[in-house]
Number of protein chains: 2
Amino acid sequence: MVVRFTNQRQEILDYINSKPHHPTVDEVYTAVKIKLPRISKATVYQNLKVLAEKGYIKEVNIKGASRFEPILDEHHHIICRECGKIIDYESKALTEYSMTLAKNMKDMDIEFTNTNFYGKCKKCKKR
Amino acid sequence: MVVRFTNQRQEILDYINSKPHHPTVDEVYTAVKIKLPRISKATVYQNLKVLAEKGYIKEVNIKGASRFEPILDEHHHIICRECGKIIDYESKALTEYSMTLAKNMKDMDIEFTNTNFYGKCKKCKKR
DNA sequence: GTACGTGCAAATGATTTGCGTTAAG
DNA sequence: CTTAACGCAAATCATTTGCACGTAC
């Protein structure tokens, strides 16, 4: 199965690569619609899925909804439990340590790891 | 606001505490329905939410759907990217190391951390 | 007795699917 | 040309909400 590089696919990929912002499907749809007004949401869903499967982008699940991010150096996420805000957090040491543990697991072949730090952001803490 | 301990709530809590199995909402619903045939799915949703908020159980998000687990010692998850199977993984060292990093974060107050190890389980690898 | 909880049905949101048409390679 | 991809509408899941009635405390 050949993966064709259509306009729609390219715009979606470009948008996700343009900002470290972890957009939702709707955010991608709204943004890409400006350049390609006739695009449908189903196409956005389909392409996000394909792009993630083929390894062009990465899918993250926060509070029940899918979000997407570029392929960056392996990193971790700081997540507000209340509003779902995400901050990227890089720690090679943590990644390496996790992967060391992964090598000793026999139940599954581990491909990558991700550590989530859950808490409350400043805004949500005020309330 | 007083949290009342109704039959429904107790059965849901008991079921989740009974097995290290990370059930989905539907699995909880089906299981509890055997003992309480008149229970509605909305009640299951409501109670799972309350129980998680009050800290009686923990919510985990895998492949877009909510799953629930008892409050155990802090632990991590090994997840099959294909079928969503979860295996618990305990490593005090990893938890402690992550929490050490968390103490230096100024953007958010971290309450807990969780590391996910993603890979493919034996069954899915065969295909 | 008074909220909080329940069950039901309807509403909302997220995601997927079927299908006829379009366009990439 | 041929087949993956598109756009649209409808279908399917997951989850939430409104409301009249029931019940824990």
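The chains referred to below are lettered A, B, ... by the order of the sequence lines, with proteins before strands, and numbering in each begins at 1.
Look at NZ on A:Lys35: it is 17 Å from P on D:dC6, rounded to the nearest Å. Straight-line distance from the CG atom of A:Leu51 to the P atom of D:dA5: 10 Å, rounded to whole Å. When rounded to the nearest whole Å, the span between CG of B:Leu36 and P of C:dG7 equals 8 Å. Distance B:Tyr29 OH to C:dT6 P: 14 Å, rounded to the nearest Å.
Of the possible polar contacts, none joining the B:Arg9 side chain to the B:Asn47 backbone as a donor-acceptor pair under 3.5 Å is found. In this structure, the side chain of B:His75 does not engage the main chain of B:Glu90 through any donor-acceptor pair within 3.5 Å. A donor-acceptor distance shorter than 3.5 angstrom exists from the side chain of B:Ser98 to the backbone of B:Leu94, with no hydrogens or angles considered. B:Lys120 contributes no side-chain N or O that, together with a main-chain N or O of B:Cys83, makes up a donor-acceptor pair within less than 3.5 Å. The backbone N or O of B:Asp26 sits less than 3.5 Å from a side-chain atom of B:Thr30, completing a donor-acceptor pair.
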Run the ring-ring contact (aromatic ring centres under 6.0 Å, His included) test on B:Phe68 and B:Tyr56 for me, step by step, so that the C-alpha distance in whole Å, both residues' side-chain angles and the decisive distance to 0.1 Å come before the verdict.
CA-CA 11 Å; B:Phe68 299 86; B:Tyr56 291 101; over 10 Å; no
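Of the residues in residues 6-15 of chain B, B:Thr6, B:Gln8, B:Arg9 come within less than 4.0 Å of DNA chain C through at least one heavy atom, sorted by number.
Distances shown here put a side-chain N or O of B:Thr43 below 4.0 Å from the OP1 or OP2 atom of C:dG7.
Among pairs with a residue in residues 8-43 of chain A, those fulfilling ring-ring contact (aromatic ring centres under 6.0 Å, His included) read A:His22-A:His77, at least two apart in sequence or across chains.
The listed nucleotides are C:dG5, C:dC8, D:dG7; the one nearest the side chain of B:Arg38 is C:dC8.
Among the atoms of the strands shown, none is found under 4.0 Å from any heavy atom of A:Val50.
Listed by chain and residue number, A:Asn116 satisfy the side chain to side chain donor-acceptor pair (under 3.5 Å) test with A:Asn114 (two or more places apart in sequence, or in another chain). A:Glu27 is linked by a side chain to side chain donor-acceptor pair (under 3.5 Å) to nothing, counting only residues two or more places apart in sequence or in another chain.
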Base versus backbone protein contacts along nucleotides 10-16 of chain C [heavy-atom cut-off under 4.0 Å; B, S, -]
----SBB
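End-to-end axis angle for the helix from C:dG1-D:dC25 to C:dG25-D:dC1, using five pairs per end and rounding to 10°, comes out at 50°.
A:Ile12 is listed as a side-chain neighbour of A:Leu48, based on a closest heavy-atom distance under 4.5 Å.
Contact annotation: side chain of A:Arg4 to base of D:dT3, donor-acceptor pair present below 3.5 Å.
Ion pair B:Arg67/B:Glu59 not flagged as a salt bridge, since none of the NZ, NE, NH1 or NH2 atoms sits closer than 4.0 Å to an Asp/Glu carboxylate oxygen.
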